[in-house]
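Below is one structure, written out as structure tokens; comments come after it.
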Amino acid sequence: MLDKKYDAKEKESKWLEYWQENKIYEFKPDQREVFSIDTPPPTVNGKIHIGHIFSYSQTEMIARYKRLRGYNIFYPFGFDDNGLPSERLVEKEQGKKAHEIGREEFSRLCYETTDKYEESFQTLFSKMGVSTDWQIHYKTVSPKTIKISQLSFLDLYEKGHCYHKESPALWCNECLTSIAQAELETKTIKTTFNYINFKTVETKEEFTIATTRPELLPAIVCVFVNPLDDAHKHLIGQTAHIPVIDVDVPIMADEKVAIDKGTGVVMCCTFGDQTDIEWWKKYNLPLKYIFTDDGKINDSIPVYGGLKIKEARAKIMEDLTDAGVVVKKEELEHEVQTHERCGKEVEYAVMKQWFIDIMNHKEDFLRIGREIKWHPSYMHARYEEWVNNIAWDWCISRQRYFGVPFPVWYCDKCGQEVVASKEDLPVNPLTSQPKIKTCPACGNDKFVPELDVMDTWATSSVTPLINMRYGEGNNLEKILRPMSIRTNASEIIRTWDFYTIVKSFYHFNQRPWDNVMISGFVMADKGEKISKSKGNSKVEPMALIDEYSADVIRYWAASGRLGTDIIFSTETLQRGKKLVNKIWNVSKFIEMHLEDYKDQEFNDFEYIDKWIIGLFMDMEKSFLNYLDEYEVGLALNTLEKFFWNFCDNYIEIVKHRLYRPLEFGDIPRYSGQKTVYMLLYKLLQDFSIFFPFITEEIYQELYHDHKSIHLTTINPLNYNFNKEVSLGNDLVNIISEVRGEKSNKNVSLKTPVKNLDLSLNKELKDALNKSIKDFKATLFIENLNIKDLDEGYNVDKIELNLEENNKES
RNA sequence: GGGCGCUUAGCUCAGUUGGUUAGAGCAUCUGCCUUACAAGCAGAGGGUCAAAGGUUCGAGUCCCUUAUCGCCCACCA
């Protein structure tokens, strides 16, 4: 017997244990077709917030759906503990910077810290009912994954898609590392636009340059004007004298200069922005690099050497003002590029970095993007846009400690790079030496290790490779190439999705997955994204599970459309709570009436039973369609709508038949029993995608024909009740009208109807005759008078027996 | 400035290829203790579908323009 009240806390932990013990979600290759999920490994940088719960739940529902459709589910879980996020977490916990702790000790602390957090992540996701096979979980920093990352690097290296080159790279002088274009975030800041007078050496003519970054004056290598700029084109070919710095640079022409921007005259520094780098390359300009790695002016620069960038900016403005060359200052708000991990403005640094070739294969990446089905489809446009606009090769080296080391050494003498052999992986070049004893280029026998580690994305972009255990030569590769689906939020299309496509193209010349499913964001309120930094205890996942249960939170997580942001709302949680409660109550009711039920072949369904069965079939069709498009929220809406109709209309009708076999007959009663038995089973299956716990509890009590409801399969019903559906709907509408009349008269729904006069068309009259007992019992009708009508129906008169009502009260 | 998306009841959201009076839940109001459920049931009120224009017999739905907000990108001279 089902309990009177459903105790979510007790039942959820009970079934969690049961699933684990019985390995319900274990992946074992067999005859069945595999549906594989490339789960996003959450970044281990502190806390799981409600946004994670939202998007992971949606993926997990797809896993459950496909499992019910008979697929063998490959659903691993991973943790992204690699790289800067982990380092910053440790630095925060320790209150010290990495270089103050020391490389070895720091790495140890990173492992320790990420392990600690991962355990709590796993507990939380389990509690949410995430049906991954924890046996196949992975970390992005572990000997196994380091090996795969290094293998991936070597494969690309051998194929010539990786290169090591001195080149300007984006540099964060807070994190002390180079970063990739994809790690940039734009921020609006207030700054000053300074108009500074320069002079030509030849004619002493004055001209003005506007800049927000006067501290870059010592780094000026050239001045540009547009060749079509009538006001300035005569300057081309002359030499510009830089005030205060006292250096001369050439004035050159380039079409990229916008005549109407600033003063129309531009200083080119190494490096202030992307255009500087382009010009530097295009015109082969000299390099004047004036910053230190930690964001100061280089000591070799007179006067300003040793100052921080902003101090230098203030000092040089003072000096320029003293020199009388500052013509104007304008307050200005503009966008700057910052490092997403720390929020500090980025600079450019020139040093040797490892790059993966992007620019030569954009067409291939676009082609593969088109082979993949994006859900929702418009997300594909974002991918295209990113690939079309990308301007850099992918810099994958980071001057940090905790990450995948490059399996590379350099000859101490000539700098020749030497890579590890594949069979020696994983290697740490800091603690080992290359196999070859002497440098192939110069014969020297001393090597120095590559100190850099790989970018986080260089590792997380190989999750499909980690899943297939790339390099082991097993048959998983056959099963998982390509994987069925990748899921993530839209913000990392440009990183995780893109880089995974890049790697998959270089390794296999193939798409990594057939489908990409993009979820939206969770907003705290209109226009306010919930983020880790704005920790809000009201939306703490563990607290929410305690208060509402995992099933109910999953209800909230399923609300809304794919790719669309949702606002965290307690109303939606309340609604879920009511739904779950209703499932429990109606199951109790059905159980009560199944005590003497034996399931057997039966086709003599009552009219109303045919109606609800047909209606269910219609619903399930669109339900399944939505799920095939990964629209879990829309699927749930459809199911929910049907379910309330089932409870409020069908059950209200059939209950009389179930309670009173003497009056209605045993066969009509059996018809009702068969209907509720059959439909509840199917409803529980459909709901199990969203509410894995409560449906399991009910299923085990009432049906129990498999080890778990989550191991059953959905088999669509095969009846043809179309006619009963539409006529039954009309009958229910008539019932509603009569109930409405009772409500309007403020009387109980049990109030008898003395006379009900209806005009019905022929079909409807026929339908009513077939369900006359149910109909009369539902409305407590004493006299029913039916007239003929050509089309449709009309409720002519409702006369209530109010005396009866008054007598009782 | 560019790409994509959102804008529908007081609030949170649905509205499949254009097709009668635009839907649900919450909130509000009115009733009903009805042998599963008062965490329930039956009703009621509440919307010029962001704005303007266009296509069409017919537009929340298609096209154009504008505005707001969100994500991403570019611009930083």
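The figures that follow rest on heavy atoms only: side chains count, while hydrogens, waters and symmetry mates do not. Below, read A as the first sequence line, B as the second, and so on, with proteins coming before strands; counting in each chain starts at 1.
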Salt bridge (charged side-chain N to carboxylate O under 4.0 Å, His left out) between A/Glu215 and A/Lys310, worked out: CA-CA 8 Å; A/Glu215 75 277 16; A/Lys310 285 197 176 141; over 6 Å; no
message: Let's go through A/Asp648 and A/Arg739 carefully: what are the C-alpha distance in whole Å and the side-chain angles of both, what is the deciding distance for salt bridge (charged side-chain N to carboxylate O under 4.0 Å, His left out) to 0.1 Å, and is it a yes or a no?
response: CA-CA 12 Å; A/Asp648 295 342; A/Arg739 282 181 178 162; over 6 Å; no
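Of the candidates B/G25, B/A42, B/G40, B/A42 carries the atom nearest the A/Arg739 side chain, counting heavy atoms from C-beta on. The side chain of A/Phe193 approaches B/C76 more closely than any other nucleotide in the set B/C76, B/G3, B/C32. Among the nucleotides B/A39, B/U34, B/U12, the one closest to any side-chain atom of A/Asn581 is B/A39. Side-chain atoms of A/Lys578 lie closest to B/G25 of the nucleotides B/G43, B/U34, B/G25. Listed nucleotides: B/U30, B/C32, B/A14. Nearest to the side chain of A/Asn637: B/A14. Listed candidates were B/C32, B/C71, B/C4. Nearest to the side chain of A/Ala381 is B/C4. Closest to the side chain of A/Asn746, out of B/C4, B/G2, B/G31, is B/G31. Here the nucleotide nearest the side chain of A/Leu749, chosen from B/C76, B/C4, B/C41, is B/C41. Checked against B/C37, B/C76, B/A42, the side chain of A/Glu652 finds its nearest nucleotide in B/C37. Residue A/Glu571 has its side chain nearest to B/C11 when only B/C41, B/C11, B/A39 are considered.
Aromatic rings of A/Phe643 and A/Phe687 (six-membered ring for Trp) have centroids within the 6.0 Å cut-off, being under it.
Within 4.0 Å (heavy atoms only), A/Thr570 reaches no atom of the nucleic acid at all. Nucleic acid contact for A/Ser736: sugar-phosphate only, since backbone atoms but no base atoms lie under 4.0 Å from a heavy atom of the residue. Here A/Trp386 lies in heavy-atom contact (under 4.0 Å) with sugar-phosphate atoms only. A/Cys268 comes within 4.0 angstrom of no nucleic acid atom, judged by non-hydrogen atoms across all strands. Within the nucleic acid shown, A/Lys582 comes within 4.0 Å of at least one base atom, counting heavy atoms only. Contact annotation for A/Asn388: no contact, since no heavy-atom pair falls under 4.0 Å across all strands. If you check every strand for non-hydrogen atoms under 4.0 Å, A/Val257 touches a base. Residue-level contact check: A/Lys641 touches neither bases nor backbone, having no heavy atom under 4.0 Å from any strand. Backbone-only contact: A/Thr572 has heavy atoms under 4.0 Å from sugar-phosphate atoms and none from a base.
Residues A/Tyr283 and A/Asp254 have side chains that bring a donor and an acceptor to within less than 3.5 angstrom of each other.
Taking the C1' atom of each, B/A59 and B/U8 are spaced 14 Å apart, rounded to whole Å. Between B/G10 and B/A27, the two C1' atoms lie 8 Å apart (nearest whole Å). Annotation: B/U7 and B/G70 have their C1' atoms spaced 11 Å apart (nearest Å). When the C1' atom is used for both B/C26 and B/U48, the distance is 25 Å, rounded to whole Å. One C1' atom belongs to B/C11, the other to B/U17, and the distance between them is 32 Å to the nearest Å. B/A74 and B/G3 have their P atoms separated by 15 Å, with the value rounded to a whole Å. Atom P of B/A50 sits at a distance of 15 Å from the matching atom of B/C13, rounded to the whole Å.
Nucleotide B/A14 holds its C1' atom 18 Å from the CH2 atom of A/Trp556, rounded to whole Å. Going from atom CD1 of A/Ile651 over to atom P of B/U34 covers 19 Å, rounded to whole Å. In this structure, the CG atom of A/Asn389 is 17 Å from the P atom of B/G1, given to the nearest Å. Atom CH2 in A/Trp644 sits about 21 Å away from atom P in B/G23, given to the nearest Å.
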Just the atom pairs and distances: protein N or O near nucleotides 15-19 of chain B's N or O, under 3.5 Å.
| from | atom 1 | to | atom 2 | distance (Å) |
| --- | --- | --- | --- | --- |
| B/G15 | OP1 | A/Arg561 | NH1 | 3.0 |
| B/G15 | OP2 | A/Arg561 | NH1 | 3.3 |

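Base pairing of B/U55 is not made with any nucleotide, judged by Watson-Crick or G-U wobble geometry with both donor-acceptor distances under 3.5 Å. In this structure B/C13 sits in a base pair with B/G23, meeting the Watson-Crick or G-U test at under 3.5 Å. Across all strands shown, B/C32 is found opposite B/G40 as a Watson-Crick or G-U wobble partner, with both distances under 3.5 Å. Shown here, B/C4 forms a base pair with B/G70; the pair counts as Watson-Crick or G-U wobble because both key distances fall under 3.5 Å. Both distances falling under 3.5 Å, in either a Watson-Crick or a G-U wobble arrangement, occur for no nucleotide opposite B/G46.
No donor-acceptor contact under 3.5 Å links the side chain of A/Arg575 to the base of B/C26. Interface remark: the A/Glu385 side chain does form a donor-acceptor pair with the B/G2 base, using a distance-only criterion of under 3.5 Å.
Taking both residues in full, the closest heavy atoms of A/Leu800 and A/Lys745 are given as CD1-CG, 4.0 Å, listed atom of the first, atom of the second, then distance.
By the neighbour-count criterion of 12 heavy atoms within 6.0 Å, atom NZ of A/Lys344 is sparsely surrounded, having that number or fewer from other residues, nucleotides or ligands.
Distances shorter than 4.0 Å separate some side-chain N or O of A/Thr275 from OP1 or OP2 on B/C76. Contact between the side-chain N/O atoms of A/Gln574 and the OP1/OP2 oxygens of B/U12 is not found at any separation under 4.0 Å.
A cation-pi arrangement, defined by a distance under 6.0 Å to the six-membered ring centre and an angle within 45 degrees of its axis, is absent between A/Lys11 and A/Phe693.
For the pair A/Arg213 and A/Glu345, the salt-bridge criterion is not met [side-chain N within less than 4.0 Å of a carboxylate O].
Each of A/Thr338, A/Asn173, A/Ile179 was checked for a side-chain contact (heavy atoms from CB on, under 4.5 Å) with A/Val346, and the lone residue meeting it is A/Ile179. When A/Tyr378, A/Trp374, A/Phe365, A/Trp496 are each tested for a ring-ring contact (aromatic ring centres under 6.0 Å, His included) with A/Tyr383, only one passes: A/Trp374.
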